[in-house]
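For reference, the structure discussed in these notes is given below.
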Protein chains: 2
Amino acid sequence: MRTEGRAKRLPRAVRERQIMDAAVDVFSRLGFHAASMDEISDVAGISKPMLYAYLGSKEELFATCIRREATRMMEAIATGVEPDQEPDVQLWSGLRAFFGFVGENRASWMVLHRQASTQGGPFAVELTDMRTRAVSLVAALLTQSTKAPATKLEAESLAAALVGAGESLAEWWLDHPEEPAGVVAARLMNLVWMGFGDLVDGNVWHPPSRR
Amino acid sequence: MRTEGRAKRLPRAVRERQIMDAAVDVFSRLGFHAASMDEISDVAGISKPMLYAYLGSKEELFATCIRREATRMMEAIATGVEPDQEPDVQLWSGLRAFFGFVGENRASWMVLHRQASTQGGPFAVELTDMRTRAVSLVAALLTQSTKAPATKLEAESLAAALVGAGESLAEWWLDHPEEPAGVVAARLMNLVWMGFGDLVDGNVWHPPSRR
DNA sequence: CAGTAGTCTTACTCGCGAGTAGGTACCAGG
DNA sequence: CCTGGTACCTACTCGCGAGTAAGACTACTG
């Protein structure tokens with residue numbers, strides 16, 4: 001991963017990108033505390049003072065990583081989802097987009113999910129923000145469905161459970177990469193839409209290919 | 001939380017308990033890296049060398065905490081679940097036991113879920129062990145249900161999703177402590193057993209009080 | 001070609017925290 | 001009252017990592 005070519009004297013914007021990429025990589029592998037600024041500057045192929053000059057302190061750098069990756073991910077999902085469709089189709093497209101993103105951005109996902117959630121610092125804010133947006137999205141989807149959950153609290157907690165199920169399944173997926181994204185997404189779709197009760201009886205939810 | 005009475009010259013077994021309790025408390029609040037041995041010994045009301053004499057290095061201490069709390073939790077669930085019952089009732093009792101434990105042992109839960117899962121060290125083993133046991137438990141429950149998921153992989157991933165949903169909902173619950181454990185458990189039960197599809201149509205799952 | 005702005009480096013300081021050396025108090029049993 | 005053992009302490013060493021001082025090298029601009 002180490003940058004080799006020693007390409008010298010690059011413009012600031014480019015360097016910042018390189019540094020951010022390196023930081024996400026290192027943070028995802030080691031976690032916030034265990035990651036050292038020396039390691040990050042090393043992976044980025046620059047010296048430490050550059051790092052401080054461009055991205056500030058370690059905490060600032062981490063927060064910036066979170067923000068960037070969270071934005072990337074929410075955009076990926078927003079792009080993938082299809083509004084003005086039946087609730088089940090909306091959920092389905094959202095899940096596909098989510099698992100698609102995780103599959104192609106494992107490091108981003110690890111920084112977001114594992115690292116950010118544990119460090120109680122100013123980062124939790126960024127992360128909680130994104131998670132809240134995701135939960136609200138799902139909660140809105142549930143509420144808009146006819147006789148769905150009554151109270152706001154109920155919808156929110158169900159949405160939290162669903163988001164958590166997605167996160168956890170994504171985590172599991174990291175250990176079983178042989179499965180394609182679509183299959184994993186479909187599985188979760190079936191779980192949350194049909195429920196075990198129906199699955200036990202052999203009733204499954206079909207993707208919109210039949211439409 | 002600081003131990004005041006300066007009760008002196010206690011037998012080793014008692015001190016070890018105190019130290020473990022203090023360690024779980026500190027680890028849960030600060031995480032593995034940010035927690036210092038000085039802080040732990042301070043909270044436990046003893047000096048650092050005692051800590052090292054009794055519980056070994058920081059890593060050993062942390063691993064011991066994980067093991068103890070994981071065991072406590074799995075025992076709580078095993079005690080709460082009712083085998084030889086219909087699958088839905090088994091799941092229901094398991095969920096109740098789980099949320100009951102988390103509600104009364106927030107610190108234990110945080111150490112287990114947030115801290116242990118992120119530190120890639122030798123702890124992950126302990127934690128993964130427990131999680132695997134939990135997932136296997138659920139997977140077995142699913143497989144034993146008649147026409148349930150075909151492949152082993154499918155059952156496992158669904159179980160992982162369910163366990164994750166539980167973890168996530170427990171996390172959400174920490175921010176909404178006003179809700180009683182039973183309500184939260186019932187909500188998850190409805191989600192995973194009935195699915196949104198049924199919930200949207202107003203079909204809910206009833207706890208076994210009707211039996 | 002001097003000046004100025006921006007890129008980039010080596011070589012430090014300094015505090016924090018893991019782990020330890022070397023003791024002191026207290027309680028057995030002889 | 002001595003002898004050993006166990007509980008317990010103060011006061012260190014020492015490395016690692018965050019953050020910085022001070023300057024060098026390049027490139028554009030007049």
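Below, read A as the first sequence line, B as the second, and so on, with proteins coming before strands; counting in each chain starts at 1.
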Task: Which atom of Leu162(B) lies closest to which atom of Leu191(A), heavy atoms considered - done: N-CD2, 4.4 Å
Between [N] ([atom2]) and [X] ([atom1]): distance, integer Å:
X        : N       : atom1 : atom2 : result
Phe62(B) : dA18(C) : CZ    : C1'   : 16 Å
Glu16(B) : dC8(D)  : CD    : P     : 11 Å
Leu51(B) : dC9(D)  : CG    : P     : 11 Å
Ile46(A) : dT10(C) : CD1   : C1'   : 14 Å
Leu55(B) : dG19(C) : CG    : P     : 13 Å
Glu59(B) : dG17(C) : CD    : C1'   : 14 Å
Asp38(B) : dA18(C) : CG    : C1'   : 8 Å
Ile40(A) : dG17(D) : CD1   : P     : 12 Å

TODO: Return the set of residues passing side-chain hydrogen bond (donor to acceptor under 3.5 Å, both in side chains) with Glu16(B) (not counting sequence neighbours), or none when no residue passes.
DONE: Arg12(B)
TODO: State which residues pass side-chain hydrogen bond (donor to acceptor under 3.5 Å, both in side chains) with Arg68(B); sequence neighbours excluded, sorted by chain then number.
DONE: Asp21(B)
Open item on the list: Under 4.0 Å, heavy atoms only, any strand: does Ala35(B) hit a base, just the sugar-phosphate, or nothing?
Closed with: sugar-phosphate
Under-3.5 Å N/O pairs linking protein and nucleotides 1-7 of chain C:
{"unit_1": "dG6(C)", "atom_1": "N2", "unit_2": "Arg9(A)", "atom_2": "NH2", "d": "2.3"}
{"unit_1": "dT7(C)", "atom_1": "OP1", "unit_2": "Arg12(A)", "atom_2": "N", "d": "3.3"}
{"unit_1": "dT7(C)", "atom_1": "OP2", "unit_2": "Tyr54(A)", "atom_2": "OH", "d": "3.4"}
{"unit_1": "dT7(C)", "atom_1": "O5'", "unit_2": "Tyr54(A)", "atom_2": "OH", "d": "3.2"}
{"unit_1": "dT7(C)", "atom_1": "O2", "unit_2": "Arg9(A)", "atom_2": "NH1", "d": "3.1"}

How would you list, by chain and number, every residue that makes a side-chain contact (heavy atoms from CB on, under 4.5 Å) with [X], sequence neighbours excluded?
X         : value
Thr71(A)  : Glu75(A)
Lys58(B)  : Phe27(B), Phe32(B), Met37(B)
Ser47(A)  : Pro49(A), Met50(A)
Ser108(A) : Glu69(A), Arg72(A), Phe101(A), Asn105(A)

What protein N or O atoms touch nucleotides 20-23 of chain D N or O atoms at under 3.5 angstrom, if any, and at what distances?
none

Task: Centroid separation Trp109(B) to Phe99(B) less than 6.0 Å - done: no
TODO: Examine dT9(C): is either OP1 or OP2 under 4.0 Å from a nitrogen or oxygen in the side chain of Ser47(A)? Give yes or no.
DONE: yes
Task: Contact list for residues 156-170 of chain A, test salt bridge (charged side-chain N to carboxylate O under 4.0 Å, His left out), sequence neighbours left out - done: Arg131(A)-Glu167(A)
